[in-house]
Structures are given as C-alpha cells and as structure tokens.
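If you're wondering where the values come from, they're calculated on a predicted model, not measured in any experiment.
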Amino acid sequence: MKSYTAQIIYRIECEGLPTDQYEEQWRLVFAEDEQNALAEARVAGLGEETTFIDRHGRTIYWRMLAVKDLQPVELVNGGLLFSMVREAELVPAP
C-alpha cells in the first residue's frame with residue numbers, strides 16, 4: 001500500500017447570494033497505485049460534501065469540485081508533506 005497527498009477543492013455556495021468562496025483541503029489517502037489513489041481521494045472528497053442552514057436561515061452548500069493534485073508521499077518521521085514558496089510584493093518607496 002502506498003501513501004499519497006490529495007489536494008481537494010470545494011466550492012461554498014450560499015442560497016440566494018452570489019459568492020466566490022472555495023476551500024482547499026489536503027488529504028492523505030492509501031492505495032495500491034495512483035489510479036486507485038485518485039478514486040480514494042474522490043470518495044473522501046465527496047464524503048465531506050454537506051448542506052446546512054447558517055445562522056441567517058440561508059442554505060449553504062459545500063460541494064467538491066475536483067481533486068486538483070495527487071502526489072506520492074513517503075510517510076517517515078520528518079517527511080515533507082507540503083511546501084510552498086511565496087514571493088513578497090515590494091512596496092515602492094514614497
């Protein structure tokens with residue numbers, strides 16, 4: 001069994017209001033190969049979809065859009081799960 005990280009994207013929809021809200025989740029899945037890992041990630045993602053009523057009485061929908069990324073990962077002490085480089089935007093001098 002191999003381990004993979006799966007990046008899953010959800011869209012948050014609010015009944016009656018146009019929103020552009022998304023959530024990005026990173027999940028750990030175990031599978032024999034990449035094809036099965038993708039299937040496992042989809043199952044995990046769909047299992048997190050939900051609908052609920054917010055405090056204002058509006059219906060909120062949490063819908064999975066896609067598994068955006070799938071990467072093999074080695075589960076060892078200190079193993080790298082995720083890394084991101086960000087560049088700061090410099091503010092011009094006055």
Side-chain angles (χ1 to χ4, degrees):
M1 199 62 70
K2 298 176 186 171
S3 51
Y4 297 84
T5 56
Q7 181 187 19
I8 303 173
I9 307 298
Y10 295 88
R11 179 180 175 94
I12 304 165
E13 300 171 0
C14 179
E15 182 178 55
L17 291 175
T19 63
D20 261 345
Q21 288 186 316
Y22 299 89
E23 182 184 10
E24 171 184 324
Q25 294 184 358
W26 288 86
R27 299 272 175 167
L28 181 63
V29 294
F30 298 102
E32 292 298 324
D33 55 35
E34 191 171 313
Q35 183 177 355
N36 287 319
L38 182 57
E40 289 290 332
R42 286 183 179 138
V43 168
L46 289 170
E48 291 297 313
E49 286 188 332
T50 191
T51 301
F52 61 92
I53 306 298
D54 74 2
R55 65 180 181 202
H56 304 290
R58 299 174 299 205
T59 303
I60 306 297
Y61 304 96
W62 213 274
R63 301 190 196 281
M64 186 188 90
L65 291 180
V67 176
K68 185 177 176 185
D69 190 30
L70 186 71
Q71 296 294 323
V73 63
E74 187 177 355
L75 294 181
V76 295
N77 187 38
L80 180 65
L81 294 179
F82 178 74
S83 175
M84 178 184 294
V85 175
R86 294 184 187 247
E87 290 190 35
E89 290 186 34
L90 299 177
V91 177

Asker: Do E32 and K2 touch side chain to side chain, with heavy atoms closer than 4.5 Å?
Answerer: no

Asker: Could you grab the distance from atom CZ of R58 to atom CD of E15, nearest 0.5 Å is fine?
Answerer: 10.0 Å

Asker: Under 4.5 Å between any side-chain heavy atoms of R27 and E48, yes or no?
Answerer: yes

Asker: Taking L46 as the starting point, is it possible to reach V29 by hopping between hydrophobic residues whose side chains are less than 4.5 Å apart?
Answerer: yes

Asker: In terms of heavy-atom contacts, does CD of E74 have more than 12 from other residues, nucleotides or ligands at under 6.0 Å?
Answerer: no

Asker: Is there a side-chain contact between Y22 and R11 in this structure, where contact means two heavy atoms from C-beta onward sitting under 4.5 Å apart?
Answerer: yes

Asker: When rounded to the nearest 0.5 angstrom, what distance separates OH in Y10 from CD in Q25?
Answerer: 4.5 Å

Asker: Is a side-chain N or O of Y4 found less than 3.5 angstrom from the main chain of E34, in a donor-acceptor match?
Answerer: yes

Asker: If you compare all heavy atoms of A41 against all heavy atoms of A6, which two are closest, and at what distance to 0.1 Å?
Answerer: CB-CB, 3.6 Å

Asker: Mind checking whether L70 and I9 sit in one hydrophobic cluster, side chains of I, L, V, M, F, W, Y counted as touching below 4.5 Å?
Answerer: no

Asker: Looking at side-chain heavy atoms only, is the closest gap between F30 and E40 below 4.5 Å?
Answerer: no

Asker: Under 3.5 Å, is there a donor-acceptor pair between the side chain of T50 and the main chain of W62?
Answerer: no

Asker: Under 4.5 Å between any side-chain heavy atoms of V73 and L28, yes or no?
Answerer: yes

Asker: Looking at CD of Q7 and CG of D69, how far apart are the two atoms once the value is rounded to the nearest 0.5 Å?
Answerer: 5.5 Å

Asker: Out of curiosity, D54 CG to I60 CD1, how far, rounded to the nearest 0.5 Å?
Answerer: 4.5 Å

Asker: In Å and rounded to the nearest 0.5 Å, what is the CG to CD distance from L65 to E23?
Answerer: 11.5 Å

Asker: Out of curiosity, I8 CD1 to K68 NZ, how far, rounded to the nearest 0.5 Å?
Answerer: 13.0 Å

Asker: With distance as the sole test, does Q71 use its side chain to make a donor-acceptor pair with the main-chain N or O of T5 at under 3.5 Å?
Answerer: no

Asker: Among the clusters formed by ILVMFWY side chains lying less than 4.5 Å apart, do I12 and M64 turn up in the same one?
Answerer: yes

